[in-house]
Amino acid sequence: MATTPSLSLTHRPQIPYPTCSKPPLSQKPHKKPLLVLHKPTFPPLLFSFPFPLNLNSPSNPPRFHPLHDSLNDNFVENMENPTNFLLSNAQSRQILSPESAPRLFIQEPSWISALFLKGVYKMANRTVKIEHKEIEKRKYNLLRRRQVKEETEAWEKRVEEYRELEKEMLEKKLAPNLPYVKGLFLGWFEPLRDAIAREQKVQKGKSKNRRAAYAPHIDLLPADKMAVIVMHKMMGLIMGAGEDGFVQVVQAAVQIGVAIEQEVRIHNFLEKTKNHQRKQIIDEVQGVSKEKEILRKRVNSLIKRRRLTEVKKLVKNEEIKPWGRDAQAKLGSRLLELLTETAYVQPPIDQSGDSPPDIRPAFRHKFKTISRDPKQKIKKRYGIIECDPLLLSGLDNPAGLDNPAKHMLIPYIPMLVPPKKWKGYDNGGYLFLPSYVMRTHGSRKQQDALKGVHVKNMQKVFEALDTLGSTKWRVNKKVFAVVEGIWASGGNIAGLVDRNDIPIPEKPPSEDSTEIQEWKWSVRKANKINRERHSQRCDTELKLSVARKMENEEGFYYPHNLDFRGRAYPMHPHLNHLGNDLCRGVLEFAEGRPLGRSGLHWLKIHLANLYSGGVGKLSHDGRLAFVDNHLDEIFDSAENPINGNRWWLTAEDPFQCLAACINLSEALKSSSPHSVLSYLPIHQDGSCNGLQHYAALGRDSLEAAAVNLVAGEKPADVYSEIAVRVHNIMKRDSNKDPATNPNALLAKLLIDQVDRKLVKQTVMTSVYGVTFVGAREQIERRLEEKGQITDDRVLFAAACYTAKVTLAALGELFQAARSIMGWLGDCAKVIASENQPVRWKTPLGLPVLQPYHKSERYF
C-alpha cells in the first residue's frame with residue numbers, strides 16, 4: 001500500500017502528498033528547460049498537493065548556472081535555435097557549496113517553453129515590423145517631398161537657371177558654351193521676358209474698358225516665369241509636331257494658356273501657404289487682415305501635418321475660377337505673338353566679314369489650307385506656326401544635338417509615389433498638377449455629364465484607375481543600355497529611326513522637262529522622308545530623356561485617366577507601357593514574382609509571340625518547340641546583344657524580345673529555374689477588338705471564330721485570312737486581259753507583295769470607319785516600305801487598287817459586322833437630326849458623350 005511521504009523541516013509546516021499510479025516526475029530525464037523554484041516560507045499551516053513527489057534528494061541540492069541567453073549578446077540567434085536554452089547533463093549535475101540554501105526543482109511542462117518562445121518571437125517580429133514601417137515611412141516622405149518639388153518648383157528652377165546663365169554671360173562678356181537647345185533658350189529668354197514685362201505694364205496702365213481680353217491673366221505671373229513656360233511649351237510642340245513640321249495656332253495658344261493657368265494656381269497656392277519661408281506678411285487690405293491671418297495659420301498647421309487635400313480645399317475659396325478655353329486661347333495667342341517677334345536663330349558664323357549676319361525669325365505665323373477629311377468639299381484655312389529649317393537642322397545635327405529633350409521641361413512625368421486616389425472629376429492623380437478623370441478636350445457637355453454623376457456611381461471606375469496607377473514600374477537597365485548604345489551609334493536598327501537625313505538630290509544640268517519633273521518629285525519625296533525622320537527622332541529623344549531621368553529610381557508610378565470612350569491611358573504621354581516596342585522593352589515591373597512552373601511555360605510562349613513571323617500563330621506546343629530549338633540564339637542574345645549573333649533583331653518586337661531573352665536565360669541557367677524572380681510584363685491583346693465586338697453583337701459564329709471568340713487548337717488570324725482573300729482576288733485579276741481590264745497589270749505587280757502586314761492596319765481601322773482614301777494611304781505606306789515600286793505614280797495606282805480589293809474582301813468575310821455598323825450609323829443620324837450628341841452609359845456607370853459635331857458656315 002502506498003504511503004504518503006512527508007518532509008519535516010525545521011520551523012516549517014508538515015506537507016502531506018497523496019500517491020498516484022504514474023511514476024514520479026523526478027525519475028524522468030531532463031529534456032526541457034527547468035523551472036527553478038525557491039523554497040517558500042509559509043506560515044504554520046498544512047497544505048495538500050494532488051501529485052506525488054520524490055523528496056529523497058541529496059543534502060546539497062544541485063544549483064544551475066545562468067542560462068546561455070542571459071550571457072550571450074546574440075539573443076535573436078539564440079531565440080531561433082531553441083537548443084541554446086537547454087542545459088547539458090554536466091551542467092545539471094554541478095553541485096553548489098554546502099552553505100548554499102536548499103532549493104526545490106520541478107520540470108516545467110512543454111507548453112510553457114513553447115509559449116515563451118512564441119512570445120519572444122512575436123515581440124521580436126513586432127519590433128522588426130515597426131522599424132521597417134518607420135524606414136518605409138521616412139523613404140515615402142522623402143519621395144513625396146521630391147514629387148511635390150517636381151510638380152511645384154520645376155518652372156521656378158528653369159527661371160533661376162536662365163538668370164544665372166544671363167548673369168554669367170554679362171560678367172564674362174562671353175556667351176557660355178551651352179548645348180544647342182539651352183543656347184537658344186538663353187538667347188530668347190531676355191527679349192521675351194522684357195516684351196512680356198512691357199505688355200504687363202501697358203495693360204496695367206490702361207483703364208478697365210480699354211484693356212485687352214487677356215489683361216486680367218497676363219499679370220498673374222512674373223514675366224520671367226511666363227517667358228520660360230512659353231519657350232518650353234512651344235519647343236515641345238514643335239518637337240512633337242510630326243512630319244508636317246508646323247503647329248496650329250489655336251492648339252499652341254491653348255496649350256500655352258493651360259500651362260500658364262496651371263502655374264498660376266500653383267504659384268498662388270505657394271504664395272499663400274509657405275509662410276515659414278517669409279519673415280513678414282503685409283496685407284493689402286487692412287479690413288480683412290485678421291481673417292486672413294487666421295486662414296494662414298490654419299493652412300500652415302495643415303501643411304505641417306501633410307494634409308495637402310485639406311489645404312487645397314481651404315485655399316480654394318480664394319483662388320480664381322477656371323479660365324475656360326476662350327481666356328486660355330487669348331492669353332496664349334498674345335504670348336505666342338510676343339515669342340514670334342523676339343525669338344531669332346542664326347547660322348554658324350562662317351560668312352565673310354562684309355556680308356551682314358543672317359539672322360532669321362525662329363518662328364513664323366502663316367495660313368495654311370488644311371482638310372481633315374479628303375472627301376470634304378470646303379477646305380479650311382488655319383493659322384499655323386512653323387519654325388525655321390535652321391532650328392530643325394540644329395536639333396537634328398548629331399554634333400550639336402546633345403540630347404535636346406533633356407533640356408526640355410516635360411510636365412506630367414511618372415510619379416515617385418503612388419498617385420492620389422480618384423474621388424471626383426478633378427480630384428485624383430498628381431499631387432498638385434491639375435488632373436482630370438477624363439480627357440474631354442474642352443467639351444463642356446462631356447464635362448457637365450461627368451460632374452452630374454454621383455461619386456458613388458463612379459466608384460468602380462475610380463477603383464480601376466487607382467489600381468492601374470498604383471502599379472510600380474522601373475527602367476530595365478540591361479535593355480536600356482542596349483538602346484542607348486544603338487542610338488549613340490546612329491540608330492537605324494531595331495526599329496529606331498536613322499539619325500541622319502537622306503541627301504537631297506541635286507538639280508540635273510539638263511533642261512529636259514521630264515528630268516526636271518522627276519527631280520522635283522525626288523526632292524519632294526526626300527524632304528518628306530526627312531520631315532518624318534525628324535519627327536521620329538524628336539519622339540525617340542523625348543522617350544529616352546524620360547528613361548534617363550527615371551533610370552536610377554527604385555520605382556515610379558503612372559497616374560491614369562480616361563478618354564471620352566472610357567479607355568484608360570497613362571497621363572504621361574511619352575514613355576509608358578502602352579507605347580511602342582521601345583517603351584515596352586525599356587519598362588518592367590518594380591516588384592518581381594517567382595516564375596513557378598506555369599510562369600516558365602508562359603514565358604517561353606511569350607517569347608515566341610514576340611518573335612512572331614508566323615510563330616505566334618502556332619499551337620502552344622509548336623511555340624514551346626520553337627523556343628527550345630533556339631536556346632543557343634536566346635542565350636547569345638542575352639549575353640552579347642550588340643556584338644553577338646543579334647538573333648533578337650530578327651524579331652517583330654526586338655526590344656521586348658531581348659528583355660524576354662534575358663529573363664529566360666537567367667531562369668534556365670539558374671539551379672532552380674522556377675524560383676527565379678521575373679519582372680517582365682506580359683502584354684496581352686485581343687484579335688482585332690473592334691471586329692470582336694461586332695461578331696459578339698451579331699452572334700455570328702463564323703465571324704467569332706475568325707477573331708478568336710471561339711476556342712480552337714491554333715489561334716485564328718483574321719489579318720492572314722483577309723490577306724489570303726486579297727491574294728486570291730489579285731490572282732484572278734492577273735489572268736484577265738490588260739486591254740479590257742487595266743487592273744491586270746497592277747495585279748501581276750502586286751501578287752507577290754500581298755502579306756499580313758500589308759492589310760493589317762486597314763482591317764484594324766475598318767471598324768472605326770476608315771474611308772477609301774485612308775485605306776489607300778495606309779497601304780501606300782506599306783508598299784513604300786517594301787521598296788519594290790519606285791515610281792510614285794505606279795505606287796499611287798497600286799495603293800488604290802489594293803485598298804479597293806482589301807475593303808471588298810472585308811465585306812465578304814464580315815457581312816454581319818458591316819450590317820451592324822450601318823445600323824449604328826443610321827441611329828447616329830437620327831439622333832444628330834435632333835441636334836443632340838450620341839450618348840450612352842457604360843456598365844460601370846461612366847457617362848459617354850460623342851464630342852463629334854459638324855460646323856458649317858451660315859450667310
Side-chain angles (χ1 to χ4, degrees), residues 414 471-487 491-497 536 539-540 543-544 546-547 550-551 558 569-570 572 574-593 595 599-618 620 623-624 626-627 630-631 633-642 644-668 676-687 715 717 719 756-757 760 764:
T471 302
K472 194 174 183 179
W473 297 84
R474 72 180 186 186
V475 172
N476 187 329
K477 294 185 178 180
K478 293 182 179 179
V479 175
F480 183 56
V482 175
V483 175
E484 287 278 60
I486 294 175
W487 188 243
N492 202 29
I493 60 173
L496 294 179
V497 64
Q536 293 172 9
D539 179 65
T540 302
K543 288 178 169 59
L544 295 182
V546 177
M550 311 305 295
E551 180 181 8
Y558 287 102
Y569 293 94
H572 170 73
H574 302 300
L575 182 74
N576 63 62
H577 51 90
L578 296 185
N580 58 9
D581 174 60
L582 169 63
C583 298
R584 297 185 180 195
V586 164
L587 293 175
E588 65 180 3
F589 292 131
E591 298 168 351
R593 295 288 186 274
L595 277 173
L600 186 62
H601 171 89
W602 286 107
L603 178 58
K604 291 182 178 181
I605 291 178
H606 175 61
L607 178 53
N609 292 340
L610 293 172
Y611 190 82
S612 195
V615 178
K617 303 308 174 185
L618 299 175
H620 286 175
R623 280 175 268 183
L624 291 172
F626 170 82
V627 172
H630 291 82
L631 287 180
E633 290 91 342
I634 292 171
F635 292 152
D636 178 76
S637 297
E639 294 173 1
N640 198 1
I642 298 294
N645 297 329
R646 297 188 174 191
W647 175 82
W648 62 277
L649 286 177
T650 60
E652 190 170 296
D653 297 306
F655 289 119
Q656 293 179 79
C657 180
L658 177 60
C661 287
I662 293 172
N663 195 188
L664 183 60
S665 177
E666 291 174 351
L668 295 180
V676 170
L677 291 180
S678 177
Y679 301 87
L680 198 66
I682 308 297
H683 297 272
Q684 293 181 316
D685 194 10
S687 302
D717 184 14
Y719 307 116
R756 182 179 184 272
K757 189 175 182 180
K760 180 178 179 179
M764 198 186 324

Handout entry: Minimum side-chain heavy-atom gap Ile486-Asn492 below 4.5 Å
Key = no

Practice task
Evaluate side chain to side chain contact (heavy atoms under 4.5 Å, CB included) for Asn576 paired with Cys583, printing each intermediate quantity in order.
Solution key: CA-CA 6 Å; Asn576 63 62; Cys583 298; 5.9 Å; no

Exercise for the section: Drop me the distance from Leu595's CG to His601's NE2, to the nearest 0.5 angstrom. Expected result: 12.5 Å

Problem - Donor-acceptor contact present, side-chain Asn645 to main-chain Trp647, <3.5 Å - result: no

Problem - Close side-chain approach of Glu588 and Asn663, heavy atoms under 4.5 Å - result: no

Handout entry: CA sep, side-chain torsions, deciding dist, call: Leu658, Leu649, side chain to side chain contact (heavy atoms under 4.5 Å, CB included)
Key = CA-CA 8 Å; Leu658 177 60; Leu649 286 177; over 6 Å; no

Handout entry: Nearest atoms (heavy-atom pairs only) where Gly616 meets Pro715
Key = O-CG, 3.8 Å

Completion exercise
Taken to the nearest 0.5 Å, the spacing of Glu666 CD from Lys478 NZ works out to 4.0 Å

Problem - Working for side chain to side chain contact (heavy atoms under 4.5 Å, CB included), residues Arg474 and Tyr679 - result: CA-CA 9 Å; Arg474 72 180 186 186; Tyr679 301 87; 3.5 Å; yes

Completion exercise
One should read off an interatomic distance between His683 NE2 and Asn609 CG, to the nearest 0.5 angstrom, of 12.5 Å

Problem - Leu668 vs Ile634 side-chain heavy atoms within contact, under 4.5 Å - result: no

Exercise for the section: Show the numbers, then the answer: is there a side chain to side chain contact (heavy atoms under 4.5 Å, CB included) between Trp648 and Val482? Expected result: CA-CA 12 Å; Trp648 62 277; Val482 175; 4.0 Å; yes

Problem - Residues forming a ring-ring contact (aromatic ring centres under 6.0 Å, His included) with His620, sequence neighbours excluded - result: Trp602

Handout entry: Donor-acceptor contact below 3.5 Å, side chain Arg584 vs main chain Gly579
Key = yes

Handout entry: Plane angle bin for His630 and Phe626 - parallel if under 30°, tilted between 30 and 60°, otherwise perpendicular
Key = tilted

Fill in the blank from the handout: Looking only at heavy atoms, the pair that brings Gln536 and Val497 closest together is OE1-CG2, 3.2 Å

Practice task
Provide the closest heavy-atom pair for Leu600 versus Ala667 in the form atom of the first, atom of the second, distance.
Solution key: CD1-CB, 4.1 Å

Exercise for the section: Mind listing the closest non-hydrogen atom pair of Phe480 and Val475 along with its distance? Expected result: CB-CG1, 3.9 Å

Handout entry: Closest heavy-atom pair and its distance - Arg646, Ile493
Key = NH1-CD1, 3.7 Å

Practice task
Starting at CZ of Arg623, measure out to CD1 of Ile605 and round the result to the nearest 0.5 Å.
Solution key: 6.0 Å

Practice task
May I ask you to test the Phe635-Leu664 pair for a side-chain heavy-atom distance under 4.5 Å?
Solution key: no

Practice task
Answer yes or no: is there a side-chain heavy-atom contact under 4.5 Å between Asn476 and Phe655?
Solution key: no

Exercise for the section: Find the distance between SG (Cys657) and NE2 (His606) and round it off to the nearest 0.5 Å. Expected result: 9.0 Å

Exercise for the section: Check salt bridge (charged side-chain N to carboxylate O under 4.0 Å, His left out) between Asp539 and all other residues, then give those that pass, not counting sequence neighbours. Expected result: Lys543

Problem - Salt-bridge contact Glu652-Lys757 (side-chain N to carboxylate O under 4.0 Å) - result: no

Practice task
Kindly indicate whether the side chain of Val546, heavy atoms from C-beta on, has any atom under 4.5 Å from the side chain of Pro414.
Solution key: yes

Handout entry: Plane angle bin for His577 and Tyr558 - parallel if under 30°, tilted between 30 and 60°, otherwise perpendicular
Key = perpendicular

Handout entry: Residues in salt bridge (charged side-chain N to carboxylate O under 4.0 Å, His left out) contact with Lys472, at least two apart in sequence or another chain
Key = Glu554

Completion exercise
When rounded to the nearest 0.5 Å, the distance separating CD of Gln656 from CG of Leu582 is 10.0 Å

Exercise for the section: Locate the shortest heavy-atom distance separating Ala659 from Gly585; write the atom from each residue and the value. Expected result: CB-O, 4.2 Å

Practice task
Indicate yes or no: at least one non-hydrogen side-chain atom of Tyr569 is less than 4.5 angstrom from one of Leu578.
Solution key: yes

Practice task
State, yes or no, whether a side-chain contact exists between Arg756 and Asp717 at a heavy-atom distance under 4.5 Å.
Solution key: yes

